Every structure is written in structure tokens, then in C-alpha cells.
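Below is one structure, written out as C-alpha cells, with a few remarks after it.
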Amino acid sequence: MKAIRRFTVRPVLPDPLQPLSDLARNLRWSWHTETRELFQAVDPEGGRAADSDPVRLLGAVSAGRLAELARDQQFLHRLTEASAALQEYLDGPRWYQEQLARGAELPAAVAYFSPEFGVTAALPQYSGGLGILAGDHLKAASDLGVPLVGVGLLYRHGYFRQSLSRDGWQQEHYPLLDPNELPLTLVREADGSPSRVVLTLPGGRSLHAHIWQAQVGRVPLLLLDSDVEENAPGEREVTDRLYGGGSEHRLLQEILLGIGGVRAVRTYCRLTGHAAPEVFHTNEGHAGFLGLERIRELSGTGLDFDSSVEAVRAGTVFTTHTPVPAGIDRFDRELIARHFGDDGELPGVGVERILQLGMETYPGGEPTLFNMAVMGLRLAQRANGVSTLHGAVSRRMFAGLWPGFDAAEVPITSVTNGVHAPTWVAPEIFGLRARYGGTPGRWDAAAGIPDREIWDLRRTLREQLVTEVRTRLAASWRTRGAEPAELGWIDGVLDPDVLTIGFARRVPSYKRLTLMLRDRDRLMELLLHPTRPIQIVVAGKAHPADDSGKRLVQELVRFTDDPRVRHRIVFLPDYGMAMAQKLYPGCDVWLNNPLRPLEACGTSGMKAALNGCLNLSVLDGWWDEWFEPDFGWAIPTADGSATDEDRRDELEANALYELLEEWVAPRFYDRGDDGLPGRWVEMVRRTVGTLGPKVLAGRMVREYVERLYAPAALAHRSLDAATARELADWKARVRAAWPRVAVDHVEAVAPSTVGGSAELGATLSLRVRIALGALEPDDVEVQAVAGRVDSADAISDAQVFPLKPAGGQDLEGRWLYEGLLALDRTGPYGYTVRVLPAHPLLATSAELGLVALPTEATGDGAGVLMR
């Protein structure tokens, strides 16, 4: 007989144990070893469950056991210490408060929006790197004391659980998540009723959502839930699963996340007294509609649409995570139009004004599509990619939004991702570092750890991984229909003394899950080498709608099923945080072989590195930025074969095999007289001690605060209603007048030359006449741009030299500008002149996407050849 409704009956905690509830409800336990150990002591036999979800543990522990613990003085002492430590963590001043005390001008609060958050396996609201990054961002912000408020959606089915059929085909399962069984609290009004946000849908319908709160250390995470009784069946399903459904379903999710999310933040601040955010951080385009809600708020104060846009832009940061246009959500313009305007959200605002924010109305764009990343960029004064290389890729990808500017000048910077060490580093590694003086702020302690201790710990972690793999593999085979009598071979899977390689991530085609299978005979030789064998642990999920990704999974699974190699290579289904936390410490090498430059960052390799695992990766994402031979190996790429994918895969697979055969395996198995691989251990030490501090999420969040949040807060404060109107009016005037702005004439007074070449160190004097039409000199800046030139006269490694007004208008209405250009480089050298809009409230001179350049008929405009 099946129950029609399921719920949990929780025991009442005895008074001495009441602090356990607070400890369980604050997700700091997920990265705080002492708190996890305390919950393991609550139910030693349920330790594995406690490690993943204390809330579920407290809901299942018997009243008798609780009574026993309430009399256990040793346990109560540990509980008191853990509770006091949490309170000190929540209330004490941290890095952010120290900066404020020193006079730094920082935001009162920051709202951080993301479609997914990977905080802990006990709250499965993530699919991959974007969500894990968002979770690490919240945790690091908490550790630093940054007043952040996270905003997302509560998916009742999460992403999906993955299993395999007998023939290795991925199967998806969507277990129903009950918020009452998760570490969540329903946000309520003062009268006890659930707080809700309401959105207007076409046809007179409404979308209601409750607000659930997860507490991530000091950071509240607000999750919107549409599964409420006030909604019709279709609306109840809006937050059913992460990245599911068709276009309209996705659109409704993103409207709820952005517009509903801002309303949720306002509700939370009203109820708790939390400071109102001055900065809104849009983590990928999915949350871009938050800008529209803030425009609506300002429009309600009497500010016109254009002025509201300027005020919103000033305090908005947009982070793009995708290096390919196909990874961006794009919607048909008619679908967008149907959900806004007088019959939907933002009544009174013309639909065309909303469409202008996201339509691909630029060279190379599709003018009928509404692009969420484009809207994110147009509504944010500051934007960034997530590694140095990804920043460059993003500038090229979105260059159409800033016509006339070289890609290098597109106003998208980069903040390289980082990972939250307490979440991802094995406690044993923290313990070893601590014994030799390591602290959360000191990673150089690894230099003093003896080789023997490092190597013995690496073997211990590898052995733990072997045990974990065998347990998970047996469970997977039982799910695939195997009988216990068929599974005896699993006891011999993997060897704690064999070089272990990890590969785990989502399975889009560009990540090339099966590149290692390119030459199967060669891979088998590596796996079965008599003296230098390798073993590989693979995990990953394909999107449910991605059959090509599922075929890649099946291809790999079928290879791992081969009795000849199944003890040396395994595929583990249902990759998630719980598995990852065992996988990173236990591997010796982390493999990453995407198609360069399609990996925005690749933080899995960072997590591995913090555990002393060496990276073997294509130079993409963060590895392109920080690779050194001390930290691992770079897989050569065949960039010249980019148009022939098959040829490129063949060349890069061969390079991978060669590295494994000639460098990686020999280094691991090259033992000294003491039985230790000294050179390998030294690489481990340098990876942890030197690379470790760079890849930390704390470094990342500090960069966001200093380089993006603080400037955004200052810009926000400077744009009151009157200033926002003035800026909007100025932009409108400049845009209208710009067609008449021109570089009319350029005169160059060249230095003395020898054989037609100028001498290094000489100075070039420029006189430029500019037509400004209806604009004044205060509205523009005039620059000389100079640098080396190629055979097509394209300038590279450019320097900018400002030119200054020299007198008033001439009889033809032109303005004279003059300046000096220092010739400080040898070789072919050239220059040009340009005019840009200038205003003190612009974040960059490229902000408007307007530039006036000389025509071929303008003056001499000649470059200068130097030697």
C-alpha cells in the first residue's frame, strides 16, 4: 500500500542539545570538520549519512539516543565548543570589516544571483561547474565577511540522478525533494504566514513563489519555489527541475529568478533589517531579468526609462561563463514580447524598449533573437570572464556590441575563478599542513613537510579512493541488473599503489570525454604496463537532452566493461559533490583535455591541485594562466588543425599518450634508494605550496570586491535621480550628434630620420583637426593610438597618447588638438587618431560603443618606420 503523502516526524531535542539544530541549519558544517565530526558522534553507525546531511540525521535519530547524548558530558562539552565557534564565526569581524575599519569604501551589501548553487550534496541544486563555483563564491564571501545575499531557485527535482542501463546508456531519475527535509527555512511574514513573491503572466495569470532560506555561514541564500497551492498546475512546475523544459519553461524560470529574485531580496531585507544591496551580481545571463525589475522599481519613483537604465547599470556586475555562443540562452522576440508590457510584467514600459536590451542588433547577430548574455552586458557597467584566456575569448565573442573597437578594448575584464579549500581539501591534508605550521593563510608550510610523510599520505588517500570506487562500482552494477555472483571481480578493481588518473566533469562534446579512447590499443598498453601501469577513474553526466553526450558516456562505459581492463579503468555514474570530495584527494593526476579555448576556467583541476594532485591538461582556462612545469604537464594542442576536428583529436590524443608514456608514468615510478619518487613528491609539494594560494576562492572574492563590487558601489552612490537623468540625457545627445563627429585632418611633424626611419627615443608631434558637430570638447577625448604594425598595418600592443585642445574652432567649425607621441619601440611602427565620448561617470571610454576614426583621405596619417 502506497502513502498518498510523505513527511518526517522529528524528535524533540532535549534542552541541552538545542544548539544541534542551529549547527545543522547553518551549512557551515559542510566545510567545518569539527562540526561534521560532532554530528558523526550523534549516530556513529550513521556516520556517512551524518556527513552528508545533519538535518536528515536529526530527523531520524531515536529519542533514546538523544536522551543518552543529553547526559553525555563529553559530548555536551564538544557541542558547547562547536556552538561558540559558530557564533564567533558569524559575529566576529573578518577581512571585509577590517577593510571598512581602514576606510575602504565598500558596498553595504551585494546580491549574487545564479541559476544554480552547489553548496553541499545535501542541497542538490546544481548541475556542474557554474553551480559549484556559485557555492564556493558564497562560502568564501562568508569566510571573508562580505555582506552577500545569494539568490536562486529551489528545484523540487534538482538536476537529475544518473544511472546506467545494462548496455551503458545513461538513464535519468528525478527524485522529489521535500524542502522540509532539507537544510532550509521558509521565510515568513511577522504574522507567521509564508512570504511570497507574485509575478504577472500573460492572460491574467499569476505566478506565485515562496522563499526558502539556506544559511551558508554568514551568507543567506534565498531560493524561490513555485510549487505552491496558489499556482495553477503549469505554474507549479516552473521550478520543477534545473535546466529542464522548453523555451517558455526556461523563460519563466529566468523571469522568476531575475524579477522574482529582486522582490525576494527586498522582502528579506524588510523582514530582517539586512542592508539593501548596492551591487547586484549577475552570475551568467540566466538571471539577467533582475535589471528589468530594478528599472521598474526606479520608474515607480518617477525616473524615466533611460535614466533608470543608467542607475541600474552603475550598480550591476555581469559574469559570463560560456566561451561559445551556443551556451547562451536565446529566446524568440515574440516570446519575450508576450511576457512583458501591459499584459505581463513591467506594465507601462514599452515592449520595444525591453527588447532593445537583449536583441542581437549588431554585426553577426541574429536580429530576431533575444540574447540573455547581451542583456546582461547592456545592463551592467562592469563585466568579466572567469580566467584571463576566457576574458580574451569573451571580448572577441561579444565585440559586435562595441563596433569600431579592437577586441582587446571591449570592456570585459577577467577574474579567474577559485575554489573553496575547506570544502574540497581532504582533512588529512589540512592536518599534515597544520603539523608543519600551515594555516588557512599559509600554504608555504608544504616546503617543510618530509617526503616520506607526503608520500605516505598520498597512498592513504589513494587507498581511500579505491575503497570508495569499489563500493560505488558494485552499487552501479547492481543497478544495471548484475547478480552478486557476477561481481567478485570488483574486489580487485584498482590498486592503491598504481598511478591513478581522474577525469570527471559534465559531458558536452567539447570536453572530449572519449579522447583517451582514440587509440584503444595504446591506452590498453598504458593500463596494463608490466612495471608502470596507470589506472583511470572517470565520472560525468550528459544533459538529459544531449544524446550525443550520452553516446560518449556509453562508448566509455563499454570500454570500461571489457574484462581485460575493467580492473584499471572505471566509470562511476551520478557524479556530484559527495563523489568529487573523495575523488580529488585520491588521484595522483587530474586529466583535462577540452578543445582549446572552450574551457572557460576548469575549476576541477584547481580542487585536485589543492589536494596535491598534479594537472595534466590542455592549456585552457586557468591552466593556461598558471601552468608551470613544477605543477604538472601541458598537453600540446593542434590549433592549426581547428577546422579538421578529427585530425586535431588524433594529434592531441597522441600527445596525451606520449606524455603519459614518456613523462608522467616514469616520473611516478622513478624511485630513489629510499623507495620514494623524489621528483614526483617535489612536484606535489610545489603544487600545494606555490599554486595553492592562487586557486583559492578567497583570492577570487577579494578580487571581485576590490575590482568590481567597490567601483560599482561608488558608481551606484554617485547616480542619484538627477545625475542619472543628466547622464541619460548626455548619452542621448552624444548618440544623436555622433554621425557628424569626424577626424578631418592629421598632421605629423616627424623627427629627423635616417634612410626613412626614425630613431628610438624620438618624439612625433601631432596636430589634428576634429569636427564635433553639436558636441563640445568636454564631451569627447581625442587620442593617438600607436604600436607595432603588421603587413596589413594593423596595430598591436597599442599605447594610447592623449591629445589636448589647442585653441577654439576654426572658420570651418573644426577643433584643433595637439600632442606628442613617444617613439619607444623598434621595428615597424604606426599610429592612428580617434575620437571617443568622454564623461566622468563612464566606466570606460568604450562604454557607448562609439568611436570616430580617420578615413583614408584624412591628412597624411602616415605611420613611422623605426629601427
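Side chains are part of it too, since the values below use all heavy atoms of this structure and drop only hydrogens, waters and symmetry mates. All values reported here derive from a predicted model rather than from experimental measurement.
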Can you measure from CD1 (Ile211) to OH (Tyr268) and round to the nearest 0.5 angstrom? 11.0 Å

Thinking salt bridges, do Arg330 and Glu366 make one under a 4.0 Å N-O criterion? no

Kindly indicate whether the side chain of Leu591, heavy atoms from C-beta on, has any atom under 4.5 Å from the side chain of Ser617. no

N-O pairing of Glu116 and Arg506 below 4.0 Å: no

Got a second to check how far Thr316's OG1 is from Leu377's CG, nearest 0.5 Å? 11.5 Å

Using 0.5 Å steps for rounding, measure from the CG atom of Asn417 to the CZ atom of Arg699. 8.0 Å

Are side-chain N/O atoms of Ser308 and Arg296 paired as donor and acceptor at under 3.5 Å? no

Do any N or O atoms from the side chain of Arg378 and from the backbone of Met375 form a donor-acceptor pair under 3.5 angstrom? no

Is the backbone N or O of Thr388 less than 3.5 Å from a side-chain atom of Glu625, with the two atoms forming a donor-acceptor pair by type? yes

Tell me whether Arg648 is salt-bridged to Glu652, with the criterion being a basic N under 4.0 Å from an acidic carboxylate O. yes

Apply ring pair (Phe, Tyr, Trp, His ring centres under 6.0 Å) to Tyr709 and list each qualifying residue two or more places apart in sequence or on a separate chain. His281, Tyr704

For the residue pair Phe627 and Leu619, establish whether any side-chain heavy-atom pair is separated by less than 4.5 Å. yes

At what distance, to the nearest 0.5 angstrom, does CG of Leu221 lie from OH of Tyr112? 11.0 Å

Does a side-chain heavy-atom distance below 4.5 Å link Met397 with Pro323? no

Report yes if some heavy atom in the side chain of Leu842 is under 4.5 Å from a heavy atom in the side chain of Lys731; otherwise report no. yes

Using side-chain heavy atoms (C-beta onward) and a distance below 4.5 Å, is Arg313 in contact with Val309? yes

Check: Thr844 side chain, Ala846 main-chain N or O, donor-acceptor pair, under 3.5 Å: yes

Judged by atom type as modelled, is there a donor-acceptor pair below 3.5 Å linking the side chain of Glu360 to the main-chain atoms of Leu369? no

Can you name the residues that form a salt bridge (charged side-chain N to carboxylate O under 4.0 Å, His left out) with Lys607, not counting sequence neighbours? none

Using a strict cut-off of less than 4.0 Å between a Lys/Arg side-chain nitrogen and an Asp/Glu carboxylate oxygen, indicate whether Lys541 and Glu172 qualify as a salt bridge. no

Do Tyr155 and Tyr174 have their ring centres less than 6.0 Å from each other? no

Side chain to side chain contact (heavy atoms under 4.5 Å, CB included) partners of Ala141, counting only residues at least two apart: Val146, Leu148, Val219, Val701

Gln170 side chain to Ala542 main-chain N or O, any donor-acceptor pair under 3.5 Å? yes

Are the side chains of Leu292 and Ile354 in touch, meaning some heavy atoms are under 4.5 Å apart? yes

Under 3.5 Å donor-acceptor, Asp406 side chain and Ala408 backbone: no

May I ask you to check whether Trp590 and Tyr584 place their ring centres under 6.0 Å from each other? yes

To the nearest 0.5 Å, what is the distance between CE (Met700) and NE2 (His420)? 10.0 Å

Gln125 and Tyr159: side-chain donor and acceptor closer than 3.5 Å? no

Hey, are Ser604 and Arg505 close enough side-chain-wise for a donor-acceptor pair under 3.5 Å? yes

Going by distance alone, is a donor N or O of one side chain under 3.5 Å from an acceptor N or O of the other, for Thr319 and Asn384? yes

Can you confirm whether Val265 sits close enough to Pro277 that some side-chain heavy atom of one is under 4.5 Å from a side-chain heavy atom of the other? yes

Check whether any side-chain N or O of Ser307 sits under 3.5 Å from a backbone N or O of Leu303 as a donor-acceptor pair, and report yes or no. no

Please check if any side-chain donor atom of Glu284 sits under 3.5 Å from a side-chain acceptor atom of His321, or the reverse. no

Asp227 versus His210, side-chain donor and acceptor atoms under 3.5 Å: no

Under 6.0 Å between the ring centres of His173 and Phe160? no

State whether Arg395 and Glu409 are salt-bridged, where the test is any N-O pair (Lys NZ or Arg NE/NH1/NH2 against Asp/Glu carboxylate O) under 4.0 Å. no

Does either side chain, that of Thr239 or that of Arg156, offer a donor lying less than 3.5 Å from an acceptor on the other one? no

Would you check if there is a donor-acceptor pair between the side chains of Glu235 and Ser226 at a distance under 3.5 Å? no

Is the backbone N or O of Thr603 less than 3.5 Å from a side-chain atom of Trp622, with the two atoms forming a donor-acceptor pair by type? no

Do His286 and Gln253 pair up side chain to side chain, a donor and an acceptor below 3.5 Å, judged on atom types alone? no

I'd like to know if Arg338 and Asp343 make a salt bridge, using a cut-off of under 4.0 Å between side-chain N and carboxylate O. no

Has the side chain of Glu293 got a donor or acceptor atom that lies under 3.5 Å from a matching backbone atom of Ile259? no

What verdict does the side chain to side chain contact (heavy atoms under 4.5 Å, CB included) test give for Val110 and Glu278, after you've listed the backbone C-alpha separation in whole Å, the side-chain angles of each residue and the deciding distance to 0.1 Å? CA-CA 6 Å; Val110 177; Glu278 294 184 282; over 6 Å; no

Is the side chain of Asn593 donor-acceptor paired with the backbone N or O of Arg512 at a distance under 3.5 Å, no angle test? yes

With the side chain counted from C-beta on, respond yes when Leu552 and Glu555 share a heavy-atom pair under 4.5 Å apart, and no when they do not. yes

Is it true that the side chains of Asp574 and Gln162 contain a donor and an acceptor less than 3.5 Å apart? no

What's the spacing between Leu252 CG and Leu257 CG if we round to 0.5 Å? 12.5 Å

